[in-house]
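Right, one structure below, let's go through it.
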Amino acid sequence: MSEISKEQVKHVAHLARLALSDEEVEKMTKQLGDIITYAELLNELDTDNVEPTTHVLELKNVMRKDEPREWIKSEDALKNAPDKKDGQFRVPSILE
Amino acid sequence: MSLFDLKLKEIQEKLHKKEITVSDLVSESFNRIKAVDSEINAFLTLNEEAAKAQAKELDEKLDGNVSPLFGMPIGIKDNIVTKGLRTTCASQFLDNFTDPLYDATVVERLNSQNTVTIGKLNMDEFAMGSSTENSSYANTRNPWNTDHVPGGSSGGSAAAVAAGEVFFSLGSDTGGSIRQPAAFCGVVGLKPTYGLVSRFGLVAFASSLDQIGPITRSVEDNATLLQSIVGHDPMDSTSANVDVPNYSEGIESGVKGLRIAVPKEYLQEGVDPEVRDAVLTALKVYEDLGATWEEVSLPHSKYAVAAYYLLSSSEASANLARFDGVRYGVRTEKAENMIDMFKLSRSDGFGDEVKRRIMLGTFALSSGYYDAYYKKAQKARTLIKNDFEKVFEDYDVIIGPTTPTPAYKIGEKIDDPLTMYADDILTSPINLAGVPGLSIPCGFSKDGLPIGLQLIGKHFDEKTLYRVAYAYEQATDHHKKKPTLGGDR
């Protein structure tokens, strides 16, 4: 039985860049605990000599030449931006 | 009688004989949508003006055009990017994403075949869910009984085809999201082999599992639609560079001598007796057609759901980091600094299930837990994949149910994430193994809800799946039934 604490939930929420209300933290603590407890079913498996799957097909590194080509123009890339200025994406201040 | 009750080939013949026009086909779609979509809510965005203008242009270009999909009305799941056509993934975060800058590779390929995009289809937010109840806009309803869910996450894609609103559609499948709604709505849905169809322009959920695939009324039309979207794409480095066969060729050559494997784990406790009986009846049909079947074991099946949720959520937590409110999407007005802007925009924009999966994935990847959860799940994935490889040494195809039960009622499972997750038990192993899976209608419950038969094949052996599915379809009548909606009364 895996316990996950409210403090852990708050820490993970910060890592995930989510702001959770107290109510959401409460609910998430219970639900994540349940899901993780269920996932611990995997501990029944002896996987000492099992390689983890990184890709389902026999695939080697896929390389291509690093050549410039026509793609989206910067004025188009800005079309869906919530805020922009002087041809750039604009965001709130990073430093106080 | 709707034009969409005809087979693709029959419609093409009528077009070329000038008995009908592309404009007729496109009007058929929009008229039907106007008559019944208020009952099922399959569409999020309609492309009416552009589609009707395109139909007129295509009517001028018909002569000499050899595209097998010429002028066919198609619906696109709303996580597949369409240039200039709003693409929301059914999320409030992308509510204002009205002007995507490019077409997904699949959409580009369809456009070059002169299909007509009718609109964008509802889904669980970011494809996370199995009932379309996680859409932030509306519940799509099952055309066979509107109190029931259509399945998910491609619920809009399956419901629209079943209701005759479009001739066919595209969905995406990460753990069952094409096959399960196809089964619940009584249509044909394929999750192709991982890598067969380009993911470029599919808004990523779990990149090692996601595949785009076709949803249609008939098996043959499914093969034709798949044919038009497959093939290597330099824009997707995981897209496989393999020779593509002609999926329709030999589709009618039958199943004599076919060796079918039936995993005992897929007919165990938890599978509704009606579903089990429908599958066993289908196996009898295959016997009569000259195939043989034997019970086999996929011993690691019971671990698939746990491995699937750890892996898919881990990948999702990384993939959804791009939704930060900087370049597109909805940004909060409330934040005064950058970190709060990220946090508040994401918290306002994402629904509960999306937050839950991001949290689970972030936890499974976080320092101190990575080996115990993420890596353990990757190892379980290897065992699950090996199970399939072993069975395919001796058998041509694996057959079982697509879902443990027919479509359940709206609201029945939405408050309990684990109960909802458990429903992926028969579909998620297929994504983990990367093999193809096809769901076809195989009967109805006593309540009149469709039941789906799942055919699972070897990597890149979609051709066998289609041949096997076609033989069953020709021998049975389930696919000929249609749901009755208010517009029909």
Side-chain angles (χ1 to χ4, degrees), chain A residues 2 4 8-9 11-21 24 27-28 31-32 34-59 61-64 71-73 76-84 89-96, chain B residues 96-102 194-195 208 234 237-238 240 300 302-303 306-307 309-310 317 321 324-331 335-344 346-347 350 355-356 358-360 362-363 366 373 375-383 385 417-418 421 432-434 459:
Chain A
S2 172
I4 177 164
Q8 267 177 302
V9 166
H11 172 64
V12 171
H14 172 69
L15 293 177
R17 297 294 183 264
L18 289 171
L20 300 182
S21 67
E24 281 178 305
K27 202 166 150 191
M28 198 71 85
Q31 289 178 332
L32 273 189
D34 288 351
I35 295 168
I36 289 158
T37 300
Y38 172 72
E40 285 173 355
L41 179 68
L42 298 183
N43 292 340
E44 288 177 17
L45 292 170
D46 177 2
T47 53
D48 285 351
N49 298 310
V50 178
E51 283 293 313
T53 296
T54 49
H55 199 276
V56 289
L57 302 171
E58 300 284 324
L59 190 73
N61 281 338
V62 178
M63 311 295 266
R64 63 164 170 78
W71 187 231
I72 291 162
K73 294 189 175 60
D76 289 335
L78 287 163
K79 274 199 300 195
N80 291 290
D83 195 5
K84 59 198 158 190
F89 296 109
R90 188 162 182 258
V91 295
S93 63
I94 295 169
L95 300 170
E96 292 297 312
Chain B
N96 62 358
F97 192 46
T98 52
D99 202 359
L101 302 179
Y102 56 87
Y194 183 80
S208 81
S237 65
T238 62
H300 298 95
K302 76 168 191 180
Y303 303 103
Y309 277 92
L310 286 172
S317 73
D324 55 10
V326 174
R327 291 150 299 155
Y328 43 74
V330 174
R331 180 191 293 187
E336 295 189 354
N337 64 56
M338 183 90 152
I339 296 280
D340 283 352
M341 189 271 280
F342 292 152
K343 284 187 176 176
L344 294 170
R346 288 162 65 78
S347 297
F350 293 152
K355 287 180 195 170
R356 201 149 44 229
I358 290 174
M359 290 289 292
L360 175 62
T362 306
F363 172 78
S366 65
Y373 296 102
K375 202 167 173 193
K376 185 80 182 178
Q378 291 283 54
K379 289 182 169 191
R381 184 175 187 177
T382 302
L383 295 172
K385 183 169 164 261
L418 269 176
Y421 296 177
L432 291 169
H459 284 137

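Letters go in sequence order (proteins before strands), and every chain restarts at 1. Quick caveat, the model's predicted, so the values are computed rather than measured. Heavy atoms only: backbone and side chains are in, while hydrogens, waters and symmetry mates are out.
- Of the options A:L45, A:D46, A:L42, a side-chain contact (heavy atoms from CB on, under 4.5 Å) to B:L383 is made by A:L45 and by none of the others.
- Contacts of B:L360 with chain A are made by both backbone and side-chain atoms, with heavy-atom separations under 4.5 Å.
- Looking at every heavy atom in both residues, B:R327 comes nearest to A:P82 through C-CD, 3.9 Å.
- In this structure, the side chain to side chain contact (heavy atoms under 4.5 Å, CB included) partners of A:V91, at least two apart in sequence or on a different chain, are B:V326, B:R331, B:M338, B:M341.
- Counting only distance, with no hydrogens or angles, the side chain of B:R346 and the backbone of A:R17 share a donor-acceptor pair below 3.5 Å.
- Between B:Y421 atom OH and A:Y38 atom OH the span is 11.5 Å, to the nearest 0.5 Å.
- When every heavy atom of A:V56 is checked against every heavy atom of B:H459, the shortest pair comes out as O-CE1, 3.8 Å.
- Interface remark: B:S317 contributes no atoms to any contact with chain A (heavy atom separation under 4.5 Å).
- In this structure, A:N80 contributes its side chain and B:D99 its backbone to a donor-acceptor pair below 3.5 Å.
- Smallest separation of non-hydrogen atoms from B:S237 and A:V62: O-CG2, 3.4 Å.
- Side-chain atoms of B:T382 come within 3.5 Å of backbone N or O of A:T53 as a donor-acceptor pair.
- Minimum heavy-atom separation, B:K343 to A:L18: CG-N, 4.0 Å.
- Contact between B:S366 and A:L15 at its shortest, heavy atoms only, is CB-CD1, 4.3 Å.
- When each of A:T54, A:L78, A:D83 is scored by its heavy-atom pairs under 4.5 Å with chain B, the top score falls to A:D83.
- For B:K355, the parts lying near chain A are the backbone and the side chain together; criterion is any non-hydrogen pair under 4.5 Å.
- In this structure, the portion of B:A433 lying under 4.5 Å from any heavy atom of chain A is its backbone and not its side chain.
- Across every non-hydrogen atom of A:V9 and B:M359, the tightest pair is O-CE, 3.3 Å.
- The line from CD of A:E44 to OH of B:Y303 is 3.5 Å long, rounded to the nearest 0.5 Å.
- When heavy atoms are compared at a cutoff of 4.5 Å, A:L41 approaches chain B by way of both its backbone and its side chain.
- No side-chain donor-acceptor contact under 3.5 Å links A:K79 to the backbone of B:L101.
- For the options B:D324, B:T362, B:D340, heavy-atom pairs under 4.5 Å to chain A are most numerous at B:T362.
- Between A:W71 and B:Y102, the ring-plane angle classifies as tilted under the 30° and 60° cut-offs.
- Per-residue heavy-atom pair counts under 4.5 Å with chain A were compared for B:K375, B:H300, B:K376, and the maximum is reached by B:K376.
- Among residues two or more places apart in sequence or in another chain, the side chain to side chain contact (heavy atoms under 4.5 Å, CB included) test is passed with A:E51 by none.
- The neighbour count for A:H11 NE2, taken as heavy atoms of other residues, nucleotides or ligands under 6.0 Å away, does not exceed 12.
- Neither the backbone nor the side chain of A:K84 comes within less than 4.5 Å of any heavy atom of chain B.
- Proximity to chain B is limited to the backbone of A:R90, based on heavy atoms less than 4.5 angstrom apart.
- Neither the backbone nor the side chain of A:N61 comes within contact range of chain B, judged by heavy atoms closer than 4.5 Å.
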